[in-house]
Protein chains: 2
Amino acid sequence: MTTKIIAASPSPAPTRRGRGRPQSFDRAQALCTAMRLFWDRGYDGTSFDDLTAAMGISASSFYNAFGSKESLYQEAIAAYLKLVGTWFSTILDQPTDTRTAFAHLLATAATEFTRTDLPTGCMIAAAATQCPPTQARLRDLLATQRTQSETALVTRLRQGQQAGDLPPETDIDSLAAYYSALLRGMALQARDGAPRERLQAIAHIAMHAWPTPPQTTAPATP
Amino acid sequence: MTTKIIAASPSPAPTRRGRGRPQSFDRAQALCTAMRLFWDRGYDGTSFDDLTAAMGISASSFYNAFGSKESLYQEAIAAYLKLVGTWFSTILDQPTDTRTAFAHLLATAATEFTRTDLPTGCMIAAAATQCPPTQARLRDLLATQRTQSETALVTRLRQGQQAGDLPPETDIDSLAAYYSALLRGMALQARDGAPRERLQAIAHIAMHAWPTPPQTTAPATP
DNA sequence: TTATTTTTGTAGTCATCGCTCCATAAATCC
DNA sequence: GGATTTATGGAGCGATGACTACAAAAATAA
């Protein structure tokens with residue numbers, strides 16, 4: 001066995017030192033390029049030639065390094081999730097009160113969805129929602145990711161409910177679905193070219209739907 | 001000139017009585033079939049063979065009747081808009097108060113997006129938001145439709161503002177963007193399989209963001 | 001040096017894509 | 001009936017899709 005000092009990577013080795021001819025390109029950078037392409041044009045809209053041209057590698061290098069277009073896409077999704085996690089999960093994990101966390105989440109989404117150094121919107125929010133039966137695998141993969149992010153919202157809201165940030169009668173699942181739908185809608189608006197301020201305004205309005213304890217209409221108990 | 005008793009159709013004749021061999025299929029029905037396919041699988045995801053097979057016609061009949069895949073898609077969009085207009089425009093045109101109209105709009109969207117006799121969600125909401133540069137025409141066409149529906153919301157909100165249903169300082173454009181984003185998000189959730197009740201809950205929560213006049217914190221004027 | 005391992009470049013494969021050609025069929029007009 | 005017009009059936013076309021075969025290149029191991 002060779003010395004494995006650096007932590008083993010999940011599936012594809014990051015920068016292996018081995019026997020054969022060394023790779024002539026930066027795998028991580030090529031993956032990043034692919035992610036941007038997929039993000040911008042979708043899976044179908046990004047052809048094999050588009051990919052190899054943008055990545056600057058040949059077909060054989062492509063298949064040697066990434067296996068297939070579909071597996072590259074899966075890696076691109078993973079890379080995107082890592083990128084988004086830096087704000088999405090981070091904000092949800094912050095020990096602030098729940099309302100503040102969600103306001104922060106929406107506000108950050110508004111800025112992230114309109115970054116000029118990346119494609120606008122979200123790579124996953126609307127991907128493969130209209131696709132042929134032959135792409136059922138892809139559709140399910142993306143739907144799963146979306147479910148997971150909504151589940152993260154549910155988890156955070158439940159924590160908040162436990163902490164007393166939300167009325168105990170609040171329908172957490174529906175509230176999470178509301179914010180999930182809104183975030184996805186914001187991502188679509190961003191892709192259609194909505195400016196950052198517009199998204200921020202949406203985020204601001206959306207927070208007015210935050211649940212309030214039921215007003216005690218009868219002010220006094222006899 | 002032949003007798004044209006029935007009102008002339010915009011571009012393609014509906015059921016013209018002419019000289020040559022009669023069409024062997026129902027054009028409107030074939031268009032409806034195509035609309036459903038495009039709605040379900042998107043433009044790229046619906047192949048030429050998918051279309052001709054589902055419509056039950058040959059390639060020559062297809063091109064003779066519809067010109068090209070793209071022009072059929074445009075007709076399908078038009079057919080879809082006519083279908084959606086039966087509730088979308090209708091509700092906005094009703095002489096109810098603005099808040100009621102929007103609540104009704106969202107509630108109806110929840111039921112329409114989850115109809116079992118049609119594909120779920122919306123055909124246009126997320127279409128061609130991730131596509132190659134070669135499909136810029138299609139992307140722009142759909143973006144235009146989305147802009148128009150958001151403009152319809154703006155128009156209705158302005159009417160409401162004039163009528164006193166909304167505070168005069170309300171940011172109408174942002175409020176319309178909020179509801180537009182929400183509707184698009186609901187459509188996406190529907191496509192991912194969210195049940196009708198879930199969408200209705202989202203719609204209900206969303207209405208809590210409806211603007212209220214600024215509270216006069218000072219109860220009395222000296 | 002030689003053997004082994006891995007990557008690369010070039011060319012080519014096979015299926016599918018949207019679309020077209022053309023002879024023929026089926027209607028109307030004269 | 002004959003001419004004209006329009007639709008259909010069937011075969012096929014060029015382009016592009018994702019992917020593969022194979023030999024040469026460039027590294028390490030013995």
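As the structure is a prediction and not an experimental result, all values here were calculated from the model. The sequence lines fix the lettering, A, B, ..., with proteins before strands; numbering per chain opens at 1.
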| Expressed in angstrom and rounded to an integer, what is the separation of B:Gln135 atom CD from C:dG18 atom P? | 10 Å
| Separation of B:Leu72 atom CG from C:dC19 atom P, in whole Å? | 10 Å
| message | If the condition is salt bridge (Lys or Arg N to Asp or Glu O under 4.0 Å), which residues does A:Arg146 pass it with, not counting sequence neighbours? | response | B:Asp192
Under 3.5 Å, N/O pairs linking protein and nucleotides 24-26 of chain D:
residue, atom, partner, partner atom, Å
D:dA25, N3, A:Arg21, NH1, 3.3

Under 3.5 Å donor-acceptor pairs involving side-chain atoms of residues 98-107 of chain B, not counting sequence neighbours:
residue, atom, partner, partner atom, Å
B:Thr98, OG1, B:Arg156, NH1, 3.2
B:Thr98, OG1, B:Asp165, OD2, 2.7
B:Arg99, NH2, B:Met207, O, 3.2
B:Thr100, OG1, B:Asp97, OD1, 2.2
B:His104, NE2, B:Thr108, OG1, 3.4

| task | Starting at atom CZ of A:Phe66, determine the distance to atom C1' of C:dT7, rounded to an integer number of angstrom. | result | 13 Å
| Relative to the ring of A:Phe66, is the ring of A:Phe62 parallel (under 30°), tilted (30 to 60°) or perpendicular (over 60°)? | tilted
| query | Tell me, which of residues 41-61 of chain B have any heavy atom that sits under 4.0 Å from an atom in DNA chain D? | reply | B:Ser58, B:Ser60, B:Ser61
| note | Test side-chain contact (heavy atoms from CB on, under 4.5 Å), reference A:Met55, set A:Leu72, A:Leu37, A:Asp26, output is A:Leu72
| message | For A:Phe38 and A:Tyr80, I'd like to know if the aromatic rings sit close, meaning centre-to-centre distance below 6.0 Å. | response | no
| task | Apply ring pair (Phe, Tyr, Trp, His ring centres under 6.0 Å) to B:Phe113 and list each qualifying residue two or more places apart in sequence or on a separate chain. | result | none
| query | Between C:dG18 atom P and B:Phe38 atom CZ, what is the distance in whole Å? | reply | 9 Å
| message | Closer than 4.0 angstrom, basic N to acidic O: yes or no for B:Arg27 and B:Glu75? | response | yes
| Taking OH from A:Tyr73 and P from D:dA18, how many angstroms apart are they, rounded to a whole number? | 14 Å
| said: In terms of relative ring orientation, are B:Tyr73 and B:Tyr43 parallel, tilted or perpendicular, with 30° and 60° separating the classes? | reply: perpendicular
| request: Would you kindly give the CD-to-P distance between B:Gln23 and C:dA26, to the nearest whole Å? | output: 16 Å
| request: Provide, to the nearest angstrom, the distance between the CG atom belonging to B:Asn64 and the P atom belonging to D:dT5. | output: 15 Å
| field | Short side-chain N/O contact to C:dT7 OP1/OP2 from A:Ser24, under 4.0 Å | value | no
Residues 116-133 of chain B side chain polar contacts: donor-acceptor under 3.5 Å, at least two apart:
residue, atom, partner, partner atom, Å
B:Asp117, OD1, B:Arg115, NE, 3.0
B:Asp117, OD2, B:Arg115, NH2, 2.9
B:Thr129, OG1, B:Ala126, O, 3.0
B:Gln130, NE2, A:Trp39, O, 2.9
B:Gln130, NE2, A:Met123, O, 3.4

